[in-house]
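On a predicted model such as this, the values are computed, not experimentally measured, just so you know. Letters A, B, ... are given to chains in the order of the sequence lines, protein chains preceding strands, and every chain is numbered from 1.
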Number of protein chains: 4
Amino acid sequence: MSSPRPPKFQRRKADRPDEIVAAALEIFAEKGFAAARLEDIAARAGVSKGALYLYFPTKQDIFRAVVEQGVAPNLDIVRAGLAEPTDDFANLLRGLVKALPSVIATTSIGGIVKMVIGESRNFPELAQAWHDKLVQPALSAMTGAIAAAQARGELRAGDPRLYAISLVAPMLVGVIWRETFTPVGAEPIDIASLAEQHVELWLRGVLSQAGAAA
Amino acid sequence: MSSPRPPKFQRRKADRPDEIVAAALEIFAEKGFAAARLEDIAARAGVSKGALYLYFPTKQDIFRAVVEQGVAPNLDIVRAGLAEPTDDFANLLRGLVKALPSVIATTSIGGIVKMVIGESRNFPELAQAWHDKLVQPALSAMTGAIAAAQARGELRAGDPRLYAISLVAPMLVGVIWRETFTPVGAEPIDIASLAEQHVELWLRGVLSQAGAAA
Amino acid sequence: MSSPRPPKFQRRKADRPDEIVAAALEIFAEKGFAAARLEDIAARAGVSKGALYLYFPTKQDIFRAVVEQGVAPNLDIVRAGLAEPTDDFANLLRGLVKALPSVIATTSIGGIVKMVIGESRNFPELAQAWHDKLVQPALSAMTGAIAAAQARGELRAGDPRLYAISLVAPMLVGVIWRETFTPVGAEPIDIASLAEQHVELWLRGVLSQAGAAA
Amino acid sequence: MSSPRPPKFQRRKADRPDEIVAAALEIFAEKGFAAARLEDIAARAGVSKGALYLYFPTKQDIFRAVVEQGVAPNLDIVRAGLAEPTDDFANLLRGLVKALPSVIATTSIGGIVKMVIGESRNFPELAQAWHDKLVQPALSAMTGAIAAAQARGELRAGDPRLYAISLVAPMLVGVIWRETFTPVGAEPIDIASLAEQHVELWLRGVLSQAGAAA
DNA sequence: TATGAATGAGTTTTCATTCAT
DNA sequence: CATGAATGAAAACTCATTCAT
């Protein structure tokens, strides 16, 4: 009960794993799994190498935690997006696009996407988890919404899944570009502008004549 | 009578480098640079570990050769594409789209794109080379053509560079999908269909009213 | 009751570098740089191969540390010798000669000299350091003292540097002999006796008639 | 009988081994045994790597040939020296000293001495051969001659073996110096002058009073 | 014979993981 | 709990030696 002099800034033990995962995300995103050194992760997290093993049994487990931790927040976002009423398609999209920049800024999807792509063959379970929990649900939801809109006559005929891909791909490419080419001096892509312009393009491209006329 | 047991030594100096690079491409694309073992590359190329060092001084040099070798054929494709007359924009695009599937099938861009993304921080020179020699020229050419078409009144107003990205992104995502999610059981994306449908979508989205009416 | 089996890990950070250098000296002196195996050095030092890399980044650095560490103690000896008053030349030499055996016994110059000679082309910096810091200063000091004595008329005319070499060479040969031929069964050279007899010989050979008469 | 067109400069096959040994001497003297690469020796000898194996079964055998070939000419020199009448000691020495420079220039003792010193532990048989065939006979002969001169009253009392070492050591050191320190910028030692001055010094140091007066 | 591409055993080097403190 | 020195298995790299040509 009575610890003699409680330290002012007590290191919250409960936070350690998260700190480690955050540090690991940076290192893994930069180097990839194999080239990342636990020593660097430990240093970035401000703990000793040994301490990592108090929280994670192996390097792979740290990696899994990183990628899984990357799923959760995005999962929420996707869920939230899907919960929206889908009747006014155009405005829904415009709303999502508005939200995009802050999502990208706060979630470090960039690094995670890079890791998922780069390590998909070394950690198939992770690629699979990402696909099954995130990508596929989001894609189906969009596909479904598009199909529904087609059924209502709002959208043109065409493969709704491919329309969905047409919709999201440029933003994904923007994120990858930022991770890959911007650091080597390429002209950055302004993802917000891209999203805005692309959504309008896409809407013009898929709205049926009737809808377009509206 | 009996084939006198296959020779232990094979002398094929001229072919070896290419064979090694081809083998290395497969392994690197699968595992990434750090996780790839020279022993595996050697085995896949059908040579001994030591033989690799007859042609490449280090593992990094093999990797560089792989990525650089990936530039050349694509460079030709890009050049060829740019050489086309750009006056009839829509048909030019439709022509390129027709060519796409064979390009993707024959060049293993998939693996190379994955490597460039995944190792961009570990081999910035390669990411830069890819950007400077391939991505940036292709992108500027498209941007220029789009801007010209806008000036002629064929295409709507809007940032031509972002339009270009809107155009190519889905195909890129298709390629990445094939590398990342198809191997873990995801439903494949038919890139040819995607391209075809997307180009029409894009054209409808960017053609000016006048043009659209035509 | 029973000593609970010797610990697998020993933590001795402070002592380790010296222990490694000491072990390395033995191995390098025996085999030379290239033929020495890090495994042997590690074993002799009582550590694992990996532990060497906690203290030295490469094999070459271990070697450099060994040779450089060999400079220091000898440097002190040379400095001490040079600090002596040089007016009574004969007695100075006799004093130095008395000190010689313990120097040779305690400093393992033998092995180091052998290494410096054997690896002078592979590690020119080390040969140079040895020359510049040790050999050349000692030789000039002696040359200077001899020249001064000549000027005072105590010693005969003649090249003082060559006189200095005449003076020290036999002791050096004695050291080399011990490293080279004694281990293969040659009759040892008693360096102390050699030094004593040689100094007297040398003095008789260089003292001027007047001095000799005294 | 009738080779159609006899090549003008026929490669004498009989010379090959010697050419290889000569090349190997240079490389071994420079790098030592372990660090010397057969490829370099082959290149220096102007033959292919495989050709070495037509004449020598292993690297060690090349090395042995080099060191043994270094014995022969010196052996002759020593024998010649010993055959001389030893009655006039002083003049004998002066004669030998005159011969020294050409011996040093023509026999590359330098490199061989360095190799024998550096590899004595790795190839004890060679160190032993050198000692038994060359060094020890020469040293005993000198020792014997000195002892005889002492018996005749020409030379002072003292250990004759040590006197012999006193006599030859500076020249040996001169040779080592040339191999070790001259290449890193040290002031060269003029071995001829050294020898001349040292022999006179030595004679003054060992001749008995009576002899000195003579 | 002669070549030099190819081999594979041996060494250096790295780093995830363990454990004495 | 925490540390970081130490381990040792695994990977890159070297080069004497072999052998198809």
In whole angstroms, how far is the [atom2] atom of [N] from the [atom1] atom of [X]?
{"X": "A:Leu52", "N": "E:dC19", "atom1": "CG", "atom2": "P", "answer": "17 Å"}
{"X": "B:Phe56", "N": "E:dA5", "atom1": "CZ", "atom2": "P", "answer": "14 Å"}
{"X": "D:Glu39", "N": "F:dC13", "atom1": "CD", "atom2": "C1'", "answer": "15 Å"}
{"X": "B:Glu19", "N": "E:dA6", "atom1": "CD", "atom2": "C1'", "answer": "13 Å"}
{"X": "A:Ile27", "N": "E:dC15", "atom1": "CD1", "atom2": "C1'", "answer": "15 Å"}
{"X": "C:Gln60", "N": "F:dT14", "atom1": "CD", "atom2": "P", "answer": "13 Å"}
{"X": "A:Arg37", "N": "E:dT17", "atom1": "CZ", "atom2": "C1'", "answer": "15 Å"}
{"X": "A:Lys49", "N": "F:dG4", "atom1": "NZ", "atom2": "C1'", "answer": "7 Å"}

For a quick check of understanding: with a heavy-atom distance under 4.0 Å over all strands, which category does [X] fall into, base, sugar-phosphate or nothing?
{"X": "B:Ala36", "value": "sugar-phosphate"}
{"X": "A:Lys59", "value": "sugar-phosphate"}
{"X": "B:Leu38", "value": "sugar-phosphate"}

Whether D:Phe123 and D:Phe63 hold their rings parallel, tilted or perpendicular, with breakpoints at 30° and 60°:
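The rings of D:Phe123 and D:Phe63 sit tilted, inter-plane angle from 30° to 60°.
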
Quick check for you: among F:dC13, F:dA5, E:dA2, whose closest atom lies nearest to any side-chain atom of D:Leu54?
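Looking only at heavy atoms from C-beta outward on D:Leu54, the closest nucleotide is E:dA2.
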
Nucleotide of E:dA5, E:dT3, F:dA5 approaching D:Val47 most closely (side-chain heavy atoms):
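Within the option list, the nearest is E:dT3.
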
Count the heavy atoms belonging to other residues, nucleotides or ligands that lie under 6.0 Å from NZ of B:Lys31, then report whether that count exceeds 12.
no

Which base sits across from E:dT21 as a Watson-Crick or G-U pair, both distances under 3.5 Å?
F:dA2

Watson-Crick or G-U wobble mate for E:dT11, both contacts under 3.5 Å
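Pairing partner: F:dA12.
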
Residue closer to the 5' end of DNA chain E, B:Ser48 versus C:Ala51 (nearest nucleotide):
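Here B:Ser48 is the residue nearer the 5' end.
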
Is [X] reaching over with its side chain to a backbone N or O of [Y], donor-acceptor style, under 3.5 angstrom?
{"X": "C:Lys49", "Y": "C:Asp40", "value": "no"}
{"X": "C:Ser48", "Y": "C:Ala51", "value": "yes"}
{"X": "A:Thr58", "Y": "A:Gln60", "value": "yes"}

With a cut-off of less than 4.0 Å, is there a side-chain N or O of B:Tyr53 near OP1 or OP2 of F:dC13?
yes

Does OP1 or OP2 of E:dA2 have a side-chain N or O of D:Arg16 closer than 4.0 Å?
yes

